[in-house]
Amino acid sequence: MTVVIGFEGSANKIGIGIIRDGEVLSNPRRTYITPPGQGFMPSDTARHHRAVILTVLKEALEQAGLKPADIDCVAYTKGPGMGAPLVTVALVARTVAQLWGKPLLGVNHCIGHIEMGRLITKANNPTVLYVSGGNTQISNDPSPGYNIEQMAKRGSQYVELPYTVKGMDVSFSGILSYIEEVSHKMLSSGQCAAEDLCFSLQETLFSMLVEITERAMAHCGSQEVLIVGGVGCNLRLQEMMGVMCKERGAKLFATDERFCIDNGAMIAQAGWEMFRSGQVTELEDSWITQRYRTDEVEVTWRD
């Protein structure tokens with residue numbers, strides 16, 4: 001059996017997870033929380049991660065009931081993400097790998113989300129919608145996406161917003177600017193409530209995502225959809241995608257906040273797949289990158 005420990009810290013969450021042949025043995029994490037409206041700065045986030053990472057590492061090993069000698073490989077998030085937090089976690093992962101005498105693996109954060117989703121849901125060969133975007137400096141009490149989702153549940157009046165889809169591409173530029181431009185007038189005149197604007201924002205953005213996902217399914221002849229990433233927790237998105245899948249006779253797969261939100265186990269799972277296919281990262285190549293496209297990864301573990 002192969003045991004991989006994964007270190008994740010690309011944004012405001014620091015997590016360390018351990019995977020053994022598809023079984024999640026442990027997955028503790030901490031979240032850096034700032035006062036509402038301030039967002040999180042890279043240097044402050046890195047300082048938070050440095051303060052708690054060894055505690056989280058100890059928890060991961062204790063919850064799994066393992067010792068360093070039981071670990072076969074150390075995986076860490078290479079990117080994408082915020083520079084300072086990425087460096088902090090990479091340094092600890094490199095140190096641990098050398099102290100324990102274990103091979104090291106740099107993992108693409110997005111691939112981690114996808115592989116974790118495939119593991120948990122048992123989706124076979126899905127069209128994947130990776131929706132992330134919680135890293136913003138707008139009201140984080142507790143997070144912008146969650147706040148919008150909760151307010152949208154109380155909205156009912158749809159306000160028409162810019163809707164831009166060109167083939168498989170979507171454009172979100174202008175939507176928030178438009179809302180900021182018209183919201184004060186609409187709210188003060190009683191044309192709609194803040195809840196209605198949140199409802200309309202969700203309906204518009206998610207409709208765009210459902211449209212391009214269905215188009216991808218049609219092109220690929222796919223009968224499965226897997227939603228991953230932090231925004232994948234949104235129940236309205238899952239509901240809208242589920243309606244589309246039902247109409248096509250397809251299956252929808254999604255995970256809950258334990259695994260769709262950034263966590264260490266997803267890095268461990270992607271690392272497990274990579275390690276089993278013969279990949280390792282040499283120490284001199286164990287750097288990080290803030291920009292790391294999903295399609296830059298050579299997938300050697302799938303046909």
Side-chain angles (χ1 to χ4, degrees), residues 8 11-13 15 17 24 27 29 31 33 36 109-110 112-124 126-136 138-161 163 165 170 172 175-176 179 192-217 222-263 265-266 269:
E8 156 59 25
N12 69 325
K13 292 176 178 60
V24 180
N27 198 22
R29 68 183 166 202
T31 301
I33 300 174
H109 177 87
C110 311
H113 274 297
I114 295 170
E115 289 301 341
M116 197 68 203
R118 293 187 68 152
L119 171 68
I120 297 300
T121 65
K122 307 302 181 187
N124 180 39
T127 295
V128 179
L129 176 66
Y130 174 30
V131 274
S132 183
N135 304 343
T136 175
I138 301 173
S139 176
N140 57 327
D141 185 21
S143 68
Y146 178 82
N147 297 343
I148 291 173
E149 180 181 11
Q150 300 313 308
M151 289 187 71
K153 291 177 181 178
R154 302 191 296 272
S156 58
Q157 179 184 340
Y158 180 76
V159 178
E160 188 170 345
L161 299 174
Y163 184 105
V165 174
V170 297
F172 296 147
I175 294 180
L176 292 181
I179 290 179
C192 68
E195 289 80 1
D196 295 324
L197 289 175
C198 290
F199 167 76
S200 303
L201 179 64
Q202 270 200 170
E203 294 298 300
T204 302
L205 299 183
F206 292 169
S207 294
M208 295 164 68
L209 295 177
V210 171
E211 178 182 334
I212 63 170
T213 302
E214 183 173 19
R215 185 168 292 114
M217 295 174 69
S222 173
Q223 287 298 101
E224 296 179 336
V225 174
L226 171 63
I227 305 177
V228 298
V231 184
C233 296
N234 190 294
L235 297 180
R236 179 54 181 157
L237 175 58
Q238 294 182 19
E239 179 184 15
M240 293 173 70
M241 196 68 72
V243 171
M244 180 273 287
C245 287
K246 184 177 180 180
E247 291 176 350
R248 295 183 62 86
K251 292 182 179 179
L252 171 64
F253 298 92
T255 62
D256 58 32
E257 63 181 15
R258 291 174 301 166
F259 302 113
C260 66
I261 295 175
D262 292 353
N263 62 92
M266 73 183 203
Q269 175 59 19

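The chain is numbered in sequence order, starting from 1.
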For Thr204 and Tyr158 the tightest heavy-atom approach is OG1-OH, 3.0 Å

For residues Val159 and Leu197, determine if any side-chain heavy atom of one lies less than 4.5 Å from a side-chain heavy atom of the other. yes

Exercise for review: May I ask you to decide if Lys251's main-chain N or O and Gln223's side chain share a donor-acceptor pair within less than 3.5 Å?
Suggested key: no

_What I'd like to find out is whether the side chain of Ile148 reaches to under 4.5 Å of the side chain of Gln202, using heavy atoms alone._
yes

- Between Glu149 and Leu235, does a side chain to side chain contact (heavy atoms under 4.5 Å, CB included) hold up when you go through it step by step? CA-CA 8 Å; Glu149 180 181 11; Leu235 297 180; 3.9 Å; yes

(message) Determine whether a donor-acceptor pair (N or O, by modelled atom type, separation under 3.5 Å) exists between the side chain of Arg29 and the backbone of Asp262.
(response) yes

Is it true that, when you exclude Lys246 itself, more than 12 heavy atoms of the residues, nucleotides or ligands shown sit nearer than 6.0 Å to its NZ? no

So CG of Leu161 and CD of Glu203: to nearest 0.5 Å the spacing works out to 10.5 Å

Rounded to the nearest 0.5 angstrom, the CD1-OH distance for Ile175 and Tyr163 is 10.0 Å

Of all heavy-atom pairs linking Cys198 and Met151, the shortest is SG-CB, 3.8 Å

Could you go through the side chain to side chain contact (heavy atoms under 4.5 Å, CB included) check for Met116 and Thr255 one step at a time?
CA-CA 9 Å; Met116 197 68 203; Thr255 62; over 6 Å; no

Report task. Please check if the side chain of Arg236 supplies one atom and the backbone of Ala152 the other of a donor-acceptor pair under 3.5 Å. Result -> no

Phe259 and His113 have their tightest heavy-atom pair at O-ND1, 4.4 Å

Any side-chain heavy atom of Glu214 within less than 4.5 Å of one from Glu247?
-> no

Cys245 and Val225 have their tightest heavy-atom pair at SG-CG2, 3.7 Å

Under a 4.5 Å cut-off applied to non-hydrogen side-chain atoms, are Met240 and Val243 in contact? no

Rounding to 0.5 Å, atoms CG (Leu209) and CG (Leu129) come to a distance of 5.5 Å

Interatomic distance, CD1@Ile212 vs OG1@Thr127, rounded to 0.5 Å, equals 11.0 Å

Side chain to side chain, Ser156 and Asp196, heavy atoms closer than 4.5 Å:
yes

Interatomic distance, NE2@His109 vs CD1@Ile114, rounded to 0.5 Å, equals 10.5 Å

Would you sort out whether Met244 and Glu211 count as a side chain to side chain contact (heavy atoms under 4.5 Å, CB included), showing the intermediate values?
CA-CA 9 Å; Met244 180 273 287; Glu211 178 182 334; over 6 Å; no

For Asn124 and Glu224 the tightest heavy-atom approach is N-OE1, 3.0 Å

d(Ile120 CD1, Asp256 CG) to nearest 0.5 Å is 8.5 Å

Practice task
Decide yes or no for Leu176 and Leu201: does some side-chain heavy atom of the first lie under 4.5 Å from some side-chain heavy atom of the second?
Solution key: yes

Q.
Are Arg258 and Val24 packed together at the side-chain level, in the sense that at least one heavy-atom pair is separated by less than 4.5 angstrom?
A. no

Margin query: side-chain hydrogen bond (donor to acceptor under 3.5 Å, both in side chains) for Glu257 and Tyr146? Distances and angles first, verdict last.
Written below: CA-CA 11 Å; Glu257 63 181 15; Tyr146 178 82; over 6 Å; no

Looking only at heavy atoms, the pair that brings Asn27 and Ala265 closest together is OD1-N, 2.9 Å

Notebook entry, point to check: Should Lys13 and Glu8 count as side-chain neighbours, where that means a heavy-atom distance under 4.5 Å?
Noted result: no

